[in-house]
Engineer: 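Submitted below is the structure of interest, expressed as structure tokens.
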Amino acid sequence: METVAKTSVVFIPTKQTPAVTQIKAAAPNYKPGRFETAITWWRIKTRIFFFACIILKKPQTVIATFKKMISLRNNVWGGDLKKLHKIDGKYYFNQYTPGWPSRAYDELIKGELRRQADGNRSEKLSFIFLAITRKCPMRCEHCFEWDNLNQKESFTKEDLFTVVDMYQREGVLQIHFSGGEPMARFKDLLPLIRHASKKTECWVLSSGFNFTEKNAGLLKEAGCKGVVISIDHYIEELHNLFRGNPGAFAGAVQAVAAARKAGMVTSLSVCVTKAFLDGHHLDPYMAFAKNLGVQFVQVLEPRSVGHYEGQAVQLEEKHISMLETAFKKFNHSAGYTDYPTMLYHGYHQRRVGCFSGSRSVYIDSGGDVHACPFCHTKSYNIIDLIRKQVTALPVKENSCPQFSRIA
Ligand code: SF4
């Protein structure tokens with residue numbers, strides 16, 4: 001098994017890369033003003049209350065459930081999140097929530113209201129990650145698919161269409177296509193998104209490989225709404241070292257530009273190692289993300305799975321505290337309104353539990369179904385079900401083994 005040197009070097013760049021400067025000039029970011037934001041949040045909350053009245057009927061239940069929803073939201077975001085991004089006529093405040101207004105957003109809210117009102121454990125999944133390929137040109141330090149990479153494909157093209165159909169029948173509202181590197185299987189990814197996007201909001205998670213302007217335009221035209229590009233450092237050499245590929249940074253930055261130019265919601269994903277946090281790289285990283293013009297930054301804690309298996313990568317208390325402080329600052333402080341929204345799952349996981357397993361699952365490139373990419377909790381194999389011509393999904397929840405389940 002190939003090993004990659006760990007990033008322990010700490011230095012601060014003296015200037016932005018030319019690529020970053022080009023992107024700023026290439027595609028302006030539309031951010032709703034204060035009035036538009038306030039009105040939009042009022043409309044969203046009013047609609048949630050309206051659905052609560054229609055579905056729950058009894059005034060006491062309506063009020064109690066609406067309050068529960070607001071409280072859950074505040075726990076997830078560390079306060080009353082005001083940030084909104086408007087792309088292609090829809091508002092986004094989270095990369096895991098469909099844009100508003102949309103049928104998918106309404107269905108998500110209706111399901112959550114029912115769940116919160118009666119703790120209905122059989123409420124359906126709303127979201128899946130689907131790893132469509134084992135191919136990948138990267139060799140990332142933290143890869144959770146490490147043991148599956150670059151082997152013979154498990155999913156045929158037909159299997160992938162069948163998987164999408166099976167989960168759509170179960171009411172899934174959002175699919176994030178991953179891998180391996182999904183853009184390494186572009187000729188199958190494109191028709192798959194064209195098919196899936198008729199009923200479901202589609203996103204692509206990529207390292208930036210093969211994410212050219214032309215391919216970004218084709219994805220958008222096929223119905224892809226959002227893209228998450230992994231950039232694990234704002235310093236080119238350190239990102240390339242982390243990804244085990246000398247062209248990783250240039251490809252990722254160009255992918256961000258291409259996604260924005262095509263008009264897709266664009267997010268960065270960063271695995272924050274101890275060295276990254278000890279080197280105080282989070283603030284400059286957020287400034288880098290702001291300059292790239294992305295709407296979201298997803299901060300992931302390293303876990304001892306896949307390529308990190310057996311390594312002491314778990315963050316310490318001091319690192320968690322740094323992340324929580326930054327999470328509140330970038331999402332709520334007055335001086336940071338023009339920064340991307342920061343997603344940090346560890347914040348709500350340590351307070352109210354984890355959404356994975358009950359609301360979402362991760363289907364790896366071998367067809368095994370887990371709670372999430374980081375918690376390998378295989379409960380069934382979707383390819384086995386397809387071969388046996390089973391059309392209904394097992395009623396079996398993948399509980400998060402690390403954090404409690406959110407009610
Ligand atoms: S983390 Fe993603 S991009 Fe990196 S090696 Fe694994 S599958 Fe490839």
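Only heavy atoms go into these numbers, but all of them, side chains included; no hydrogens, no water, no symmetry mates. These figures come from a predicted structure and were not determined experimentally. Order of listing sets the numbers, starting from 1, for every ligand and every atom in it.
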Engineer: So Phe327 and Tyr347, would you call those rings parallel, tilted or perpendicular, with 30° and 60° as cut-offs?
Structural biologist: tilted
Engineer: Could you enumerate the protein N, O or S atoms under 2.8 Å from atom 8 (Fe) of ligand 1, written like residue then atom name?
Structural biologist: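 N, O, S partners closer than 2.8 Å: Cys136 SG.
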Engineer: Answer yes or no: is there a donor N or O on one side and an acceptor on the other, between the side chain of Arg134 and the main chain of Phe155, under 3.5 Å?
Structural biologist: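 No; zero donor-acceptor contacts below 3.5 Å.
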Engineer: Please tell me if the side chains of Arg350 and Ile320 come closer than 4.5 Å, counting only heavy atoms from C-beta onward.
Structural biologist: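 SC-SC contact between Arg350 and Ile320 confirmed.
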Engineer: With heavy atoms only and a cut-off of under 4.0 Å, state how Arg243 meets ligand 1: side chain, backbone, both or neither.
Structural biologist: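 The answer is the side chain of Arg243.
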Engineer: Among Phe296, Phe288, Phe330, find the residue that satisfies the ring pair (Phe, Tyr, Trp, His ring centres under 6.0 Å) test when tested with Tyr339.
Structural biologist: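 Of all the options given, the one that passes is Phe330.
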Engineer: Between the side chain of Asn215 and the main-chain N/O of Asn210, is any donor-acceptor distance below 3.5 Å?
Structural biologist: yes
Engineer: For His345, what residues pass the ring-ring contact (aromatic ring centres under 6.0 Å, His included) criterion, not counting sequence neighbours?
Structural biologist: Tyr96
